[in-house]
Amino acid sequence: MKIISMLLVFAVTALAQNPPRMYRMYHVDVPADSAAEFYAVQRDTAAVYKNNKAPMPRMAWTNITGEPTFHYLVPLASLDKLDDRTWLSQQGTEAARQARTARLRKATGVMRTEILTAQEELTWSPNPQAPPDKFLVVTSYSVKPGKVAEFTALLKESNEVWKKLGKVRNIFVNRVSFGGDGYEFGVAAGYDSLADVPTMAAFRTAMGNDYNAYVQKMGAAIHSLRREIVRYRPEFSYIPSN
């Protein structure tokens, strides 16, 4: 019992020293009749980050394969900061904040928020200081309860295949901690151009004789998957210089 207690103390201490990276991810539907105003506000918001030298990044993407949607991500220090005001809500005068909020409210469609936790053991980023990937292929998985271990093993297998195809720059894996059912995972594979994105036919060829077994196992581990391609929008984003 003493040995187990010591191990538990060590694990908790290690977690406190190396907490998982967490993010707030916002998904916004952009109505066609207010898109110009919506993006004008987003450009103004990015300027607030830049002009005030924000200590954290703001990353923005737009969907290019489905309905007009806008996605942006900002870091979350920890779950105990979840109810704290965001950095942006503390910048500028009250009148300026209220005006920006009013404009955004009128121009925005349906919005949902998720809290993401980075799955470091599944993430592959050989050059983390490099500029953001221009395009991301984002695959969202709904995993069956009790099948997370099987799913992550399959994800490791498929990620190795994407890497062998040679064009992917990064593979980021996150789990939805809040805003979902706790069994949702997102895999974002980054590319320099749309021409670099491999087809599923190429993936199947690269996996070879293991492909059919992989598909069968993945089908048994997940309820569904959804895939989309998003484009990084530097004009609505901000990355600290240091």
Side-chain angles (χ1 to χ4, degrees), residues 19-64 67-118 123 125 127-136 138 169-170 172 174 176-179 186 188 190-193 228-242:
R21 288 184 297 162
M22 305 188 77
Y23 306 92
R24 298 180 195 260
M25 173 65 87
Y26 300 86
H27 307 273
V28 187
D29 294 338
V30 183
D33 59 354
S34 60
E37 174 66 359
F38 175 83
Y39 288 119
V41 178
Q42 295 302 329
R43 190 175 286 104
D44 291 347
T45 300
V48 173
Y49 274 76
K50 181 178 180 180
N51 294 338
N52 290 278
K53 297 181 179 179
M56 79 291 292
R58 179 189 199 257
M59 313 282 282
W61 300 266
T62 51
N63 190 345
I64 63 173
E67 296 296 323
T69 52
F70 181 83
H71 314 272
Y72 68 98
L73 177 148
V74 294
L76 176 66
S78 59
L79 287 181
D80 62 349
K81 303 293 185 182
L82 193 58
D83 293 329
D84 290 357
R85 296 176 66 195
T86 63
W87 178 88
L88 181 63
S89 67
Q90 303 174 48
Q91 305 307 308
T93 65
E94 181 65 22
R97 293 196 299 267
Q98 292 292 340
R100 185 175 63 246
T101 299
R103 290 176 62 200
L104 192 58
R105 186 179 296 115
K106 290 181 180 180
T108 299
V110 176
M111 182 175 72
R112 63 186 178 89
T113 306
E114 298 171 336
I115 303 301
L116 306 181
T117 301
T123 290
S125 183
N127 187 6
Q129 302 304 316
D133 303 316
K134 294 180 181 178
F135 296 92
L136 294 175
V138 181
R169 297 178 71 238
N170 297 282
F172 301 102
N174 295 287
V176 179
S177 300
F178 294 90
Y191 296 90
D192 276 330
S193 72
E228 61 185 2
I229 300 178
V230 298
R231 178 166 68 97
Y232 179 64
R233 302 299 297 267
E235 68 270 38
F236 307 130
S237 303
Y238 166 79
I239 300 176
S241 57
N242 57 351

Subject >> Any donor-acceptor pair under 3.5 Å from Thr93 side chain to Ala96 backbone >> reply: yes

Subject >> Within residues 43-62 or reaching into it, pairs that qualify as salt bridge (charged side-chain N to carboxylate O under 4.0 Å, His left out) - sequence neighbours excluded >> reply: Asp44-Arg103

**OP:** Name all residues meeting the side chain to side chain contact (heavy atoms under 4.5 Å, CB included) criterion together with Gln129; count only those two or more places apart in sequence or in a different chain, and write none if there are none.
**Re:** Asn127

Original post:
Where do Ser237 and Ala60 come nearest, in terms of heavy atoms and distance?
Top reply: OG-N, 2.9 Å

**OP:** Using side-chain hydrogen bond (donor to acceptor under 3.5 Å, both in side chains) as the criterion, list what pairs up with Thr123, not counting sequence neighbours.
**Re:** none

Subject >> Residues in side chain to side chain contact (heavy atoms under 4.5 Å, CB included) contact with Pro234, at least two apart in sequence or another chain >> reply: Tyr232

Original post:
Any side-chain heavy atom of Thr62 within less than 4.5 Å of one from Phe70?
Top reply: yes

**OP:** Would you indicate whether Gln90, at its atom CD, is surrounded by more than 12 heavy atoms from other residues, nucleotides or ligands within a distance under 6.0 Å?
**Re:** yes

Subject >> Check: Phe178 and Leu76 side chains under 4.5 Å, non-hydrogen atoms >> reply: no

Subject >> Set of salt bridge (charged side-chain N to carboxylate O under 4.0 Å, His left out) partners for Glu94, sequence neighbours left out >> reply: Arg97

Original post:
Between Val176 and Leu116, what is the shortest heavy-atom contact and its length?
Top reply: CG2-CD2, 3.7 Å

Original post:
Does any non-hydrogen side-chain atom of Pro75 lie less than 4.5 Å from one of Pro57?
Top reply: yes

Original post:
After noting the C-alpha distance and the side-chain angles of Thr45 and Tyr238, does the key distance pass the side chain to side chain contact (heavy atoms under 4.5 Å, CB included) rule?
Top reply: CA-CA 10 Å; Thr45 300; Tyr238 166 79; over 6 Å; no

Original post:
What residues form a side-chain hydrogen bond (donor to acceptor under 3.5 Å, both in side chains) with Asp192, not counting sequence neighbours?
Top reply: Arg169

**OP:** Only counting residues at least two apart or in another chain, list the ones meeting side chain to side chain contact (heavy atoms under 4.5 Å, CB included) with Thr117.
**Re:** Pro20, Met22, Gln119, Ser177

**OP:** Sequence neighbours left out, what passes side-chain hydrogen bond (donor to acceptor under 3.5 Å, both in side chains) with Tyr72? Give chain and number order.
**Re:** none

**OP:** Just jot down the side chain to side chain contact (heavy atoms under 4.5 Å, CB included) partners of Ala35, sequence neighbours excluded, or say none.
**Re:** Val30, Tyr39

Subject >> Option among Met59, Arg233, Glu228 that satisfies the side chain to side chain contact (heavy atoms under 4.5 Å, CB included) test with His71 >> reply: Glu228

Original post:
How long is the span from the CG atom in Leu136 to the CD1 atom in Ile64, to the nearest 0.5 Å?
Top reply: 10.0 Å

Between side-chain atoms of residues 106-115 and protein atoms elsewhere (two or more places apart, or another chain), which donor-acceptor pairs fall under 3.5 Å?
{"unit_1": "Thr108", "atom_1": "OG1", "unit_2": "Leu104", "atom_2": "O", "d": "2.6"}
{"unit_1": "Arg112", "atom_1": "NH1", "unit_2": "Glu114", "atom_2": "OE2", "d": "2.6"}
{"unit_1": "Glu114", "atom_1": "OE1", "unit_2": "His27", "atom_2": "NE2", "d": "3.1"}

Subject >> Pairs satisfying ring pair (Phe, Tyr, Trp, His ring centres under 6.0 Å), at least one member in residues 86-117, at least two apart >> reply: Tyr49-Trp87

Subject >> With sequence neighbours excluded, residues passing salt bridge (charged side-chain N to carboxylate O under 4.0 Å, His left out) with Arg100 >> reply: none

